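In what follows, chains carry the letters A, B, and so on, assigned in the order in which the sequence lines appear, proteins first and then strands, with residues in each chain numbered from 1. FYI, side chains are in, hydrogens and waters are out, and symmetry mates aren't considered; it's all heavy atoms of this structure. Keep in mind it's a predicted model, so treat the numbers as computed, not measured.
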Amino acid sequence: MNYDFRDIEAKWQKYWAENETFKAINDSDKPKFYALSMFPYPSGAGLHVGHPLGYIATDIYSRYKRHKGFNVLHPMGYDSFGLPAEQYAIQTGQHPAITTENNIKRYREQLDRLGFSFDWSREVRTSNPGYYKWTQWIFIQLFNSWYNKSSDKAEAIETLVSLFEKEGNTAVEAVCDEDAPNFGAAEWNAFSEKEKQEILLKYRLTYLADTEVNWCPALGTVLANDEIVNGVSERGGHPVIRKKMTQWSMRITAYAQRLLDGLNKIDWPQPLKDSQTNWIGRSEGASVTFNVIPNADVTSSAVEKPDTIEVFTTRPDTIFGVSFMTLAPEHDLVPKITTPEQKAEVEAYVEATAKRSERDRMADVKTISGVFTGAYAEHPFTKEPVPIWIGDYVLASYGTGAVMAVPCGDQRDYDFAKHYNIAIPNIFEGVDISEEAFADKATTIIANSDFLNGLSYKEATKKVIAELEKIGHGVGKVNYRLRDAVFSRQRYWGEPFPVYYVDGMPQMIDLEHLPLELPEVEKYLPTETGEPPLGNATTWAWDRLKAEVVSNELIDHVNVFPLELNTMPGWAGSSQYFNRYMDPRNDEAIFSPEAIGYWQDVDLYIGGSEHATGHLLYSRFWQKFMFDRGYVPKDEYVQKLINQGMITGTSAFVYRTKINGKVTFISKGKIKTYADYLIEITDGADFDLKPEQFGTSALQKIHADVSLVNASDELDVEAFKKWQPEYKDAEFILEDGKYIVGREVEKMSKSKYNVVNPDAICEEYGADSLRLYEMFLGPLEQSKPWNTAGITGVHSFLKKLWRLFEVIEDKEPTADNLKTLHKTIKKVEEDIENFSFNTSVSTFMICVNELTAQKCTSRAIFEQLAILVSPYAPHIAEELWERLGHTESIAEAPFPKFEEKYLVESSKEYPISFNGKMRFKLELPLDMGKDEIEAAVLAHEKTQEQLQGRTPKKVIVVPGKIVNIVG
RNA sequence: GCCUUGGUGGCGGAACUGGUAGACGCGCUGGAUUCAAAAUCCAGUGUCUUCGGACGUGUGGGUUCGAUUCCCACCCAAGGUACCA
């Protein structure tokens, strides 16, 4: 009988579904095990071969744990809000809910075909109102909480209000906005309701603030960094600038220290912990205040209260080396302090900076640029004037957006000073700074620094902080690179905020009226006045009396108020989904106390490391918040995390520019340099790019779908024009009549248009083959290229396995059979525990090869082998299990037990090396002693042959391992 | 730029704590079977070679009896870099 995988796989998939084989119960005598894979975003391209990699690994582990007697929870769902569905909606007018529903259907079919042991009764979708009701609920909980530094946890906002009523805010230790005013109890009680709300907003864990966005004026919308190529929009190639906008933020910085500390108690990969540690970026130093010297020419400088610049520095010990200050061009003070003579230059520079992305500014360390503001600050100790510059190497979002520049001690400051001829005072004992800055803290001895002379870095730091505190110009401070997370998106396809505005102040909708469902809109684009897409909704106002959404026309600011127009970001729905799986149909609470009490936390989480500083940090933050407020029993939700490596694909690129106002794509071979291609293609003709614009934005590298490109890297130009409507009328500059694309290896992703689908592979080889092959590709954690060709190897292994079971007899296994089996049990069990699934597959191949050679027919051996294989290739395992005479599923059959006694050896084939190189092998008994081995080896004729009369200088014998002869 | 990971035959990869480099599979070559093909099976397959052997794990150094494994410096590729998820 042939191995008919199509019938077998369909049969068992049906069996598992009908018998609810993998349904988890929220209570059991068995120990619990919660295995989780990161849920997918259901994109229009369907599941690609990169997705199942982690799912297969989690599935193998889940099935293994079932064999080991655990009550396993292994759920799956969809992260179904997101940008691509919305972009598709913009292009086609199709409602994102419809495309999302279709995509999910497709994903489900694809997932079902792979034979996963998911408990589908617990499926969640982040875009379902029944789910996002609880995302909105958490948002409200955050809004109604503040962070108490004394108790080091989040507390209900009521406790803060009662503190304010009793003693004002002077004694309150809270994480809050920098500009929170000081007030006493009497003042608080005298504040109007609006004033009180304004103040509370500065304390809430989610709050409104002005933050920067990538604004694209031509598209009238905010763009994701992902949608920007070389400083212009990917869609249309329009300029993008940085602009401030009022948005919701999450006070994740309140948790900075706890997010760091928590890393010590979880079993996560070290690189991932490092990423989070660096992201949080704790540094110790001092906050120092410089006064700006008033200038009569600058109208705004108030006489009584001078402007101050606050800086954070990790090297307060070098304060006497300050020779200038640099502000981020966006710094609030810049327009206030700039002198009339410098105004034009400063404004031009600020405008130019707004066009650069933060990443660009960080990455570019070669270009030094800046402008003098004309203003001076006063050195807190020497009282000398210090010139104030602006420079784009200072980022507004890090620290205070201002630095005290110490050119002798910081290379960037040094380069800046050199470039602009600013003095570089040397404040280090015995150090030459004529060539470069000196930044070695360990050997620092301070000089030319008044009271700090002769001190080390440590001593000087301590002393200077004390002095700064004395004169009221600074304080020791721990700074974090981590910033509060912007939580608003100017998008349609996301969770609506349960928020309406009364007199400009945000109000939460009561829990009993949730979910607040997304309104219908006619267009998914921003409104003509630049409001987010929800601004297009005509029924988007909150009637406080009726507690329902009503027409905008009824807004009277008395009972009917405007609703929030932004939506939540992609990570909102994924930050607590793992807890929702525990009790996904609960409509009364996010989960019942019983469910969370039983499942507690995730035992194993497998997902990509690219989520290190996004999802995996935000969800830890929310979990800690949920813990503080008493909703969950653990403040870390994942004990053990494994990063699956990416499957890489080969992307194709086209090169876009504009010539004579027309979008033009240039074949790869035609671009050597910008100058080259312009000469070559313009042929003296008129074109609308000026030479000074030849910078990075003159040409953009754009992804083309790999399905439009053949094996010789030729683009199907006609298909490409049809692929995206905006390319319909584009021009193409060809080479030899062809358009040749660029190729690069990148992670496989829908957004990079380089995906390979698993469907055809399933059809041709079956799910078990695909499962085995994905594991066989290489170590789970490493990224690896996809190449379907090799799958025939694992497929023929399955055929061999099938043939091995052709004759089944109730025969005693031979010693060889048992040795092969137990060798396999040992290795496979070790491999699963170490998540080394690739080597298991090789082990199975060796096992089947050996048993076939031994002509094994023993039922006892086959039973054990079927269970071993079942986590990896569950369909064939079930079928073989049935052939062995079982009527129940193999899913809970106990895992085979390894017995050492079958593997005991009496001799070893020793490698005999000369100067570390193996020359021949010699079989010797394992109980032979060191000296006997040495004697036996030296007596051997091949040894004499190798030595050719020389006497060995040394003989190293490691019993059971190796013999090495030196000489 | 910064942080993280990786680099071993034509390809994916293996090698547990420093001890036989290239397991297992793909591909390729030759053979069997077949009218032929597919499928299957058998044998071979790191490079060079005067057929003794020599050289080989990104590059250059170092430690060691012995290094893919440990140390130092460098090169290259991928992921992340705060609005892709």
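- Picking from B:U40, B:G12, B:C65 the nucleotide with the shortest atom distance to the side chain of A:S796 gives B:U40.
- A donor-acceptor pair under 3.5 Å is absent between the side-chain atoms of A:Y577 and the main chain of A:G77, judged by distance alone.
- Nearest-nucleotide positions on RNA chain B place A:G778 closer to the 5' end than the other of A:G778 and A:E744.
- Atom CD1 in A:I368 sits about 16 Å away from atom P in B:G1, given to the nearest Å.
- Atom CG of A:D360 and atom P of B:A82 are 11 Å apart (whole Å).
- The nucleotide whose nearest atom lies closest to any side-chain atom of A:F776 is, among B:C24, B:G80, B:A14, B:C24.
- Residue contacts shown for A:T839 are limited to sugar-phosphate atoms, with no base heavy atom under 4.0 Å away.
- Here A:W571 lies out of heavy-atom contact (under 4.0 Å) with every strand.
- Residues in residues 220-230 of chain A take part in these salt bridge (charged side-chain N to carboxylate O under 4.0 Å, His left out) pairs, two or more places apart or across chains: A:E227-A:R235, A:E227-A:R491.
- The separation of B:A14 from B:G22, taken at their C1' atoms, amounts to 8 Å, rounded to a whole angstrom.
- Residues A:W786 and A:Y773 place their aromatic rings such that the two centres sit under 6.0 Å apart.
- Under the 4.0 Å criterion applied to side-chain N and carboxylate O atoms, A:E829 and A:K823 are not assigned as salt-bridge partners.
- Comparing B:C65, B:U4, B:A23 by their closest approach to the side chain of A:I846 singles out B:A23.
- Within 4.0 Å of A:K747, counting heavy atoms only, lies at least one base atom of the nucleic acid.
- A distance of about 40 Å separates the P atoms of B:A38 and B:C51, rounded to the whole Å.
- With B:G13, B:G80, B:C83 as the choices, the nucleotide that has an atom nearest any side-chain atom of A:N225 turns out to be B:C83.
- In this structure B:C84 sits in no base pair that meets the Watson-Crick or G-U test at under 3.5 Å.
- Checked by distance alone, A:E830 brings no side-chain donor or acceptor within 3.5 Å of a matching partner on the base of B:C16.
- For A:F837 and B:A14, the CZ to C1' distance is 17 Å, given to the nearest whole Å.
- The partner of B:A67 is absent, by the rule that a Watson-Crick or G-U pair needs both atom distances under 3.5 Å.
- Taking atom CE of residue A:M918 and atom P of nucleotide B:A21, one finds them 5 Å apart after rounding to whole Å.
- The separation of B:G66 from B:C74, taken at their C1' atoms, amounts to 26 Å, rounded to a whole angstrom.
- B:G10 is paired with B:C26 under the criterion used here, namely a Watson-Crick or G-U wobble arrangement in which both key atom distances are under 3.5 Å.
- Among the protein residues, A:D79 comes within range of the sugar-phosphate backbone only, with heavy atoms under 4.0 Å from sugar or phosphate atoms but none that close to a base.
- Atom NZ in A:K917 sits about 20 Å away from atom P in B:G18, given to the nearest Å.
- Within the nucleic acid shown, A:K273 has no heavy atom closer than 4.0 Å to any nucleic acid atom.
- In this structure, A:K921 reaches the bases: a heavy-atom distance under 4.0 Å links it to at least one base atom across the strands shown.
- Annotated as anti: B:G6, whose O4'-C1'-N torsion sits more than 90° from 0.
- Between A:Y393 and A:F416, the ring center distance clears the sub-6.0 Å criterion.
- Looking at heavy-atom distances under 4.0 Å, A:I956 makes contact with a base.
- Pairing for B:C55 goes to B:G46, judged as Watson-Crick or G-U wobble with the two contacts each under 3.5 Å.
- Using a 4.0 Å heavy-atom criterion, one finds that A:T792 contacts the sugar-phosphate atoms exclusively.
- Counting non-hydrogen atoms under 4.0 angstrom, A:N787 reaches nothing in the nucleic acid.
- Between the base of B:C3 and the side chain of A:N278 there is no donor-acceptor pair shorter than 3.5 Å.
- Nearest-nucleotide positions on RNA chain B for A:P911 and A:Y398 put A:P911 closer to the 5' end.
- For the P atom pair drawn from B:G7 and B:U40, the interatomic distance equals 33 Å after rounding to whole Å.
- Crowding of A:Y414 atom OH: a count of heavy atoms from other residues, nucleotides or ligands under 6.0 Å exceeding 12.
- Across all strands shown, B:C35 remains unpaired; no Watson-Crick or G-U wobble contact has both distances below 3.5 Å.
- At a threshold of 4.0 angstrom between heavy atoms, the contacts of A:E746 are confined to the sugar-phosphate backbone, with no base atom among them.
- Across the protein-nucleic acid pair, A:M362 atom CE and B:G1 atom P stand 13 Å apart, rounded to whole Å.
- Residue A:V213 is classed as a base contact, given a heavy-atom separation below 4.0 Å to a base.
- Put simply, CD on A:E358 is 16 Å from C1' on B:C3, counting in whole angstrom units.
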Evaluate the ring pair (Phe, Tyr, Trp, His ring centres under 6.0 Å) criterion for residues A:F487 and A:W248: first the C-alpha distance (whole Å), next the side-chain angles of each, then the deciding distance (0.1 Å), finally the verdict.
CA-CA 5 Å; A:F487 200 66; A:W248 286 99; 8.6 Å; no

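- Contact between the side-chain N/O atoms of A:R359 and the OP1/OP2 oxygens of B:A82 is found at a separation under 4.0 Å.
- Between the CG atom of A:D274 and the P atom of B:C3 there is a distance of 11 Å, rounded to whole Å.
- Distance noted for atom P between B:A23 and B:C16: 15 Å (whole Å).
- If you look at A:Y605 and A:W268, their ring centroids are not closer than 6.0 Å.
- Among the nucleotides B:C24, B:C65, B:G12, the one closest to the side chain of A:S842 is B:C24.
- The side chain of A:A789 lies closest to B:C26, out of B:C26, B:C84, B:G25.
- At a threshold of 4.0 angstrom between heavy atoms, the contacts of A:H611 include nucleobase atoms, whether or not backbone atoms are also involved.
- Within 90° of 0 lies the glycosidic angle of B:G52, which makes this nucleotide syn.
- Each of B:A82, B:C83, B:C65 was ranked by its minimum atom distance to the side chain of A:V966; first place goes to B:C65.
- Picking from B:C84, B:G79, B:U20 the nucleotide with the shortest atom distance to the side chain of A:I962 gives B:U20.
- Residue-to-nucleotide contacts include a donor-acceptor pair under 3.5 Å from the side chain of A:Q247 to the base of B:C83.
- When the P atom is used for both B:G58 and B:U49, the distance is 24 Å, rounded to whole Å.
- Taking only side-chain nitrogens and oxygens, A:N849 never comes nearer than 4.0 Å to OP1 or OP2 of B:C24.
- Ion pairing between a basic and an acidic side chain is recognised when a charged N comes within 4.0 Å of a carboxylate O; A:E212 and A:K244 show no such pairing.
- With salt bridges taken as basic N to acidic carboxylate O contacts below 4.0 Å, none links A:R125 and A:D79.
- Here the side chain of A:R919 is nearest to one of B:A82, B:A54, B:G6, namely B:A54.
- In this structure, A:N838 reaches the sugar-phosphate backbone alone: every heavy-atom distance under 4.0 Å involves primed, P, OP1 or OP2 atoms, never a base.
- Looking at heavy-atom distances under 4.0 Å, A:P271 makes contact with sugar-phosphate atoms alone, never a base.
- Listed nucleotides: B:C26, B:C65, B:G12. Nearest to the side chain of A:N964: B:C65.
- A sub-4.0 Å separation between OP1 or OP2 of B:A82 and a side-chain N or O of A:R483 is absent.
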